[in-house]
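Because the structure is a prediction, the values reported are computed rather than measured. The sequence lines fix the lettering, A, B, ..., with proteins before strands; numbering per chain opens at 1.
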Amino acid sequence: MMADPHLLTILVFFPLAGCLLVLPVWKRPAAARPLALGVMTGELLLALWLYASWQGLAALKPILPGYLLVEDAPWIGAFGIRYTLGLDGISLLMVMLTAFSFCVALAVSWRAIGEKVGLFLALLLAMETGIMGVFLALDLALFYLFWEVMLIPMFFLIGIWGHGRHIYSTVKFFLFTMFGSLLMLLAIIALHLLHAQQSGVATFGLHQLIATRLPAGTQLWLFGAFFLAFAIKFPLFPLHTWLPDAHTDAPTAGSVILAGLLLKTGSYGLLRFGYPLFPQAAQTLTPLFYTLAIAGIIYASLVAFAQEDMKRLIAYSSIGHMGYVAIGIAAWQPVALSGSIIQMANHGVTTGALFAMVGMLDERAHTREIGAFGGLWGKIPLWSFFFLLFSMASVGLPGLNNFVGEFLVLSGTFTKSPLAAGLAFTGIVLTLVYTVRLVQEVVFQTERKPLPLADLDRREICLLALLALLVILMGVHPAPLLDLIHGPVKILVGGAP
Amino acid sequence: MNIYLALILLLPLLGGLCNALLGRLLPRRVGVIVACGVIWGAFACAVLAFVGFTGPVRVELGSWLAAFSFQAPIALYLDQLSLGLTLMITFVCGLIHLYSVGYMQDDPAWARYFALLNIFVFAMLTLVLAENLPLLYLGWEGVGFCSYALIGFWYTEEKNATAGRKAFITTRIGDTAFGIAIVWMYQLSGSVSITHLNSMGALIPAAVVTTLGLLLLAGAAGKSAQLPLSVWLPDAMAGPTPVSAQIHAATMVTAGVYLLARMFPLIGSSETVRAAIALTGGITAFYAATCACCQRDLKRILAYSTISQIGYMVLGVGVGALPGATFHLLTHAFFKALLFLGAGCVITALHHQQDIFRMGGLRTKLAAVYWPFLAGALCLAGFPLTGGFFSKDAILGGVAAQGGALYGGLLLLGLFTALLTSFYTFRMVFVVFHGEQEHSLSPGPLPQIMTLTLVPLALLGLCGGLLNLPAYLGYEGVLDGFLGSIPGFGGVEQASHADEIALQIVAATLSLAGLGLAWSRYTGSRRADALAREATGPSGAGFLLNGWYLDNLYWALVINPFNHLARFLWKRWDEAGIDGTLDGLARLTARLGGLPAAWSTGRVATSLFGLASGVAIILVYLVWVTLS
Amino acid sequence: MTKADLMAFMPLIILAGGSVVVLLAGAVRPGGWLYELALAFVAAALVWTIALPATAAMPGLAVTPFSRFFAVFLDGTGLVALLLASGYNKRRGIVGEEYPATLLFALAGMGAACAASDLLMLFLGLEAFTFAFYILVAVERDSVRGGEAGLKYLLNGTLSAAILAMGIALVYCSRGTLKLAELALQAAPPEPLFLAGVCLVLVGLAFKLSWVPAHLWTPDVYQGAPAPVTALLSTASKGASVAALLLVLPLAAVWRGGHDILWGLALATLVCGNMAALVQSSIKRLLAWSSVAQMGYVALAFVALPAGGARAALFYIVAYAAAGLASFGAVAVLADGTDRDAIEQYRGLGYRNPLAGAALAVALFSLAGIPPAAGFMAKFAVFSAALRAGETALAVVGVLSALVAVFFYLRVVVALYMRPADGMEAAVRPLSISEGVALAIPTAAILFLGLYPSPLLDLLIRISR
Amino acid sequence: MIVPLEHILILAGLLFFLGMGGMLAWRANLIMMLVCIEVMLNAVMLVFVGGSARWGTADGQLFAIFIMALTSAEVSLALAMVVYLHRRRKTIDTDRFSEMKG
């Protein structure tokens, strides 16, 4: 078994290389599209290859416990920043999700993006690097760097190819996330300084910083800053209002990435950095976390019910779904945490698929207003079939993927906080309420406006079939993924020394 | 045994997938044969399993949810209860599939129909055979989804789609309670295996058991349309009639009863839970029976009667008469499926006319339907010696054996309900089949397969009593013996033989009284009078017709506030509140930005003044620091 | 003065001499290869400085690693500014030898200020380059705004020069020496006269660094001056002033009040600069106010001087200079010989002129402190220093005002890329080679420093000891 | 020393602030502003000379001479500016040159 740690660097920067390749031909879509497809597929294959060999890698026992691959090199000595990448089961899951989501994003924008195609693809590829980096970085400063880097392409994506109030939305998105992350930056630096004071070692390495002993008050402040940054990304109520706007006005690929990945960076950050670094503070803030998560589930579900724009509705549903991820993390209990992580992947697939489908509809009808549709089952049955399937996955129908995550989260959470889990259960009903309303008004009943709709073409069928297969596979046989994250979750919950 | 069990589940699933994915490519005949074939194949496997059955077996087919201590594999558990139900489900569903071939012969969306029907059977069997609660929940939700999709099968009409949605949401309210119960049990025992949980009863504090029991009851109430979650079932009649027969009469709606019976060893130890179950069942039985008396839609009558009959079963579970409840579940499945299928024949023949007041005199014209239908009606009404008579009596006997004021009252209520049942059943029969034909509806031809499928069901319904004849006849009932070894099913308190005979006599009398009442009212000379009066809607009938206005109550209490709250939160809270505040903050910042910008007046003197003021401030500061 | 000394001081001599040569050459052959000649001088000085790592000292001046670092920095910015100016000036009709000659003179002055070892040379250096900028700002004779800007800069500059001189005079009066080393060594408790002197010096330098309340000239001058001049003024002169401040500050190191004053300056500058930039509609004014704000971060680094603030300030000024050159350079290119100045007029320019647009966007992201641009590393350094020095409150203010800043930087990016260009002239002037190089150098520097700041940081650690 | 340093400083301070105040007050006349600058710089030179006398070093005097040179250069430039501006606007009121603001 080859276990070259540089694989991680390749994983992170291969898309960037692709970006640099695409840029020179940015005016020639015919060249740029296949190039981008090749790069993204290559990335996906690499991720899958890593997955295929993870057990072999795990047997090799790299430097850090629980990690499959670790790459470490000095980077900015003066600041004590190192280039540390690490891949464990959780990261691997997220890496696969990332590589996959980008392929989906590319596929849905194959025809939908007609202007400045090369630029669009270059930005997508750049963003892929950023997101890969976020999921692999083990040095806080490096993590922060990727964390910010991934925002820029998204900013352009929404701003240039968006519709509606896209400029307002993209600026709002950017400012919201910057607000949280800037304070987190201060907290990262402060943590680094405190650690340096204690141990005399200037480092931003996660696994060194975990050992820092912090007074309760300091810990609370620092965790608060981290929490704020992650909560905005999550997004937790009431910091969520950037999300419906960003989703609604983003191009389809943007929505897929936003829902599939950007939100996950928040939850990932919290479980990879926030909780392990500040266990006591996290404990203290857990009631708040629960409250916000549950309020988010209920609130977002209610608001989603009132929506008139399909994308907006799904955007609000994202908030609700991420609420489950949130309570799972808040519970900090192995079953719940496994559920949360699985739910992160599930939500990425399901909601990504829903966004992709709304995008396809939008491409044809040039509207996303729920009231404009109706009776689509009769007109475009294939689309409707897939839409129903993904909607059902999204309401957590057992046998489909979301159920796995939600149920594990709720089971685990109940052992910690029956009240929180019980309240979160109400979300299951509320989710159903708005989802079946959407399905009924769009797919069922009769046509309300004569719209020129053609059913899915071959590319779209392939894409959706793949997604559907994943939805079912992850719902019926989640064991491989659960196995993958078992070890890392155990280490996380085992508590930092 | 493994292979049988796997096939029982896999065959309907594969059939469903086949029709779902390839349905548009296959010729209709192939699709239909696949759909029916897989169900009968499953039935065959069930029979083989029955033949080879020696005792409860647990079969693990694969892993599913497995994270740390939470282990919910795809594991099946075959014991007498699940075996019996599996036989019933595959058989009844097989017949209904056959019936559907005729019923759906003109519908172009047959593939979707059969796919859903097959998947439903898969889900239902999963529910029954599941060894652990999450898997049971999978079946539970799966049948809910199929029910949703099939109620709204003719989706172009808003009414149908809305009915489907209502069913889905209402049952899911109950499911949520069930879900909470599952995770709670997991928290208590670290396991979700049903057998394991059932053996835990003694270790769990009584108060917790009570709460768990109430949660499960709520779950069961949702699925089995018990009060207060009963409102969806009458509306669910919007679906195709075979669907009503299969899902909303024979199988899915009894899942709640199955769940309660299954978990009875755990929750039955709580007196409160038992009383709550019994009360729910008794009151629902009565409630639905009263509603059924005034309905004028043939399928709605049957729907209310289903609610009422399930109420009996729940009552039976509540008093611990599990074999009786199961017995009633089985016979009810036969005769209610029969009644629905018969009703489907009538409705098809009358070109989708469902209003019983526009029917009449069909006895001769649809004789092939009339006689099986009558058989079903006799069972439903508890006519002496039919299957329904014995099974209902087993439940009432269980109630009687309990004694005490509460159960005494419930017994009286149950008996009164029996009278009502008999009355509305024969009201239906007489209005539809007797008298003269109203209006100009002439029955059209029926596919033969539709009427043929009624026969076996009629026979089973009438002779169902043989499954479990009363103990006073000298030997133990077949079913009692079969089920007796299941935890919770044995040791049922039996009324003395004398009491039981007395009870049966009373019940028989009531049944006949109901029949007589209906006869005197709806046949002969008074028929026209009664029909005219009911058609105009006598006072109080609106109350019953609309199910005690439960729907209106929910609209006022839940749905309208929900709609308003949703809109309020969106517009006032999300957009005006949060976003408004943030936008305001941004505007305020921009305003404040105007201040330093306004300082820059463009006159050079201003900037010189700034510089000079810097000097001044700094020197004043210096003086202040030096002096202090 | 030995030969070795001469060799060490040669870059300064090249620049000053070059200035004279260019002036004469212009008189002999007007319109000749003057910019190229000037470029050659700057390049020669740059290469000399890098190639010959010598230290030397003579009265008033000392070549140290510190001064050599600044010489490289200043010559680099001068090089870019000259490259930018050659095309720009032709388009705007700014002809004559005075521009390159004055620019060389300014570089010489700045170099002298950075190499000063006593307050006299410091003062002369500072005033020499300020004097040169009086000319450069108003060099565009046909521009109304140029004249106005020149006037404003002149009056503010002379007033601040007087204040600075008075400060130096008071310091001299109380200590009897102008030598920086001697002044810094004296451990005597600072008497009021001395402190008053230091304070006045601080105010004088605050003018050069556009610190509130001595900042009001900045937007007007930046807007009125030709863009390449602004590019140089906003970068090199700031750099030289930072150097001067670093030379002077040890004088007041033991005095707590110095910290407090800087604290107030930093706070006011951060808030004022960022807030005022919010409401600008002219891109040059926006960049001007943003440069005020950026100087607030430099002030923040100075507040944290004992905790490694010096290298933070140095890194910050380098990163800022790269961004400033790129942004004003891009503005010079995009303005395209017209008076295009309103942000609205930049709609869609990112596509019509991709390289200049990209340079501007990268520069703006750097100014906003978003990775992977150098501005992020710079803010990182400054915040690290501030937190290490315990200036949490100021750091939080800095972070929050950075958030405000993100908004106005994004406004420009939005205009560049996200708003449709409303039917303007279709023909796009291709980027000339000199402009391309002039934009590529700072842009590459921004990205390089953002991704791999280690070499520079290590260097700064060495020279700021 | 004939004149105590304090006296010199007080005088210089008065001159300095007089100049500064004048500069702010006389904004309607650019030439007067330049004159005020001269006053301020003279105050500076006075301090240098005083300091030089106090410490007995020539540094201060040297500095004063440099200031003189600097002043002359500045004034020449400033007067050129005056001419230039006057030609454009027919005024030397600095407040009139306020096109750029905000």
Side-chain angles (χ1 to χ4, degrees), chain A residues 16 23 26-27 74-81 83 115-116 119 126 129-130 133 141-142 144-152 155-156 158-162 166-168 170-172 174-194 196-197 202 221 225, chain C residues 307-308 311-312 315 350-351 354 358 361-362 365 368-373 376-377 379-390 392 395-396 398-411 413-420 450-462:
Chain A
L16 189 66
L23 270 181
W26 75 281
K27 284 187 173 159
W75 178 31
I76 308 177
F79 291 153
I81 301 176
Y83 174 79
E115 273 179 68
K116 303 166 191 133
L119 198 58
T129 285
L142 185 66
Y144 185 83
L145 187 106
F146 284 125
W147 172 266
E148 296 270 296
V149 161
M150 70 183 177
L151 292 183
I152 302 173
F155 169 70
F156 283 107
I158 301 175
I160 299 177
W161 291 273
H166 53 113
I167 291 176
Y168 169 82
T170 195
V171 170
K172 189 175 178 182
F174 205 86
L175 287 181
F176 253 89
T177 34
M178 278 301 280
F179 172 62
S181 38
L182 279 171
L183 289 175
M184 178 169 76
L185 175 65
L186 284 190
I188 290 176
I189 297 172
L191 181 63
H192 158 83
L193 293 173
L194 289 169
Q197 253 173 31
W221 277 107
Chain C
R311 66 185 149 104
F315 189 86
Y351 302 111
V362 169
F365 277 116
I370 294 166
F376 166 69
M377 284 298 165
K379 285 213 168 59
F380 192 94
V382 168
F383 289 142
S384 293
L387 287 178
R388 196 176 300 127
T392 314
V396 170
V399 153
L400 292 180
S401 50
L403 184 71
V404 173
V406 169
F407 177 75
F408 61 75
Y409 292 123
L410 288 188
R411 269 183 63 206
V413 178
V414 163
L416 277 177
Y417 289 101
M418 299 173 196
R419 300 225 188 254
L451 289 172
Y452 194 54
S454 272
L456 181 62
L457 281 167
D458 295 340
L459 178 70
L460 293 178
I461 291 176
R462 258 184 285 129

Problem set entry | Portion of C/Arg311 that has a non-hydrogen atom of chain A nearer than 4.5 angstrom | side chain
Exercise. If you count heavy-atom pairs under 4.5 Å with chain C, which of A/Phe179, A/Trp75, A/Trp26 comes out on top?
Worked result: A/Trp75
Problem set entry | Point-to-point distance, once rounded to the nearest 0.5 Å, from CH2 of A/Trp147 to CG of A/Leu142 | 14.0 Å
Exercise. What about C/Tyr351 and C/Tyr417, are their ring centers closer than 6.0 Å?
Worked result: yes
Exercise. For A/Leu194, is it the side chain, the backbone, both, or neither that has a heavy atom closer than 4.5 Å to a heavy atom of chain C?
Worked result: neither
Seminar exercise, completed: Note: vs chain A, highest number of non-hydrogen pairs under 4.5 angstrom among C/Val406, C/Val396, C/Val399 is C/Val399
Exercise. How long is the gap from CD1 on A/Ile188 to CG on A/Leu193, to the nearest 0.5 Å?
Worked result: 12.0 Å
Exercise. With a 4.5 angstrom heavy-atom cut-off, which part of A/Phe174 approaches chain C: side chain, backbone, both or neither?
Worked result: side chain
For this session: Measure the shortest side-chain to side-chain distance between A/Phe156 and C/Val413 over non-hydrogen atoms and say whether it is less than 4.5 angstrom.
Result: yes
Problem set entry | Heavy-atom donor-acceptor pair, A/Thr170 side chain to A/His166 backbone, under 3.5 Å | no
Exercise. Chain A heavy atoms under 4.5 Å from C/Ala386: which part of the residue, side chain, backbone, both or neither?
Worked result: neither
Exercise. Which atoms form the tightest heavy-atom contact between A/Gly130 and A/Val149, and what is the distance?
Worked result: CA-CG1, 4.3 Å
For this session: Please look at A/Leu151 and chain C and tell me whether the side chain, the backbone, both or neither of the residue comes under 4.5 angstrom of a heavy atom of that chain.
Result: neither
Seminar exercise, completed: If one checks every heavy atom of A/Ile167 against chain C at 4.5 Å, the contacting part turns out to be side chain
Seminar exercise, completed: Minimal heavy-atom distance between C/Ala312 and C/Ala385, with the atoms involved, is CB-CB, 4.2 Å
For this session: Please flag which part of A/Leu185 lies under 4.5 Å from any non-hydrogen atom of chain C: side chain, backbone, both or neither.
Result: side chain
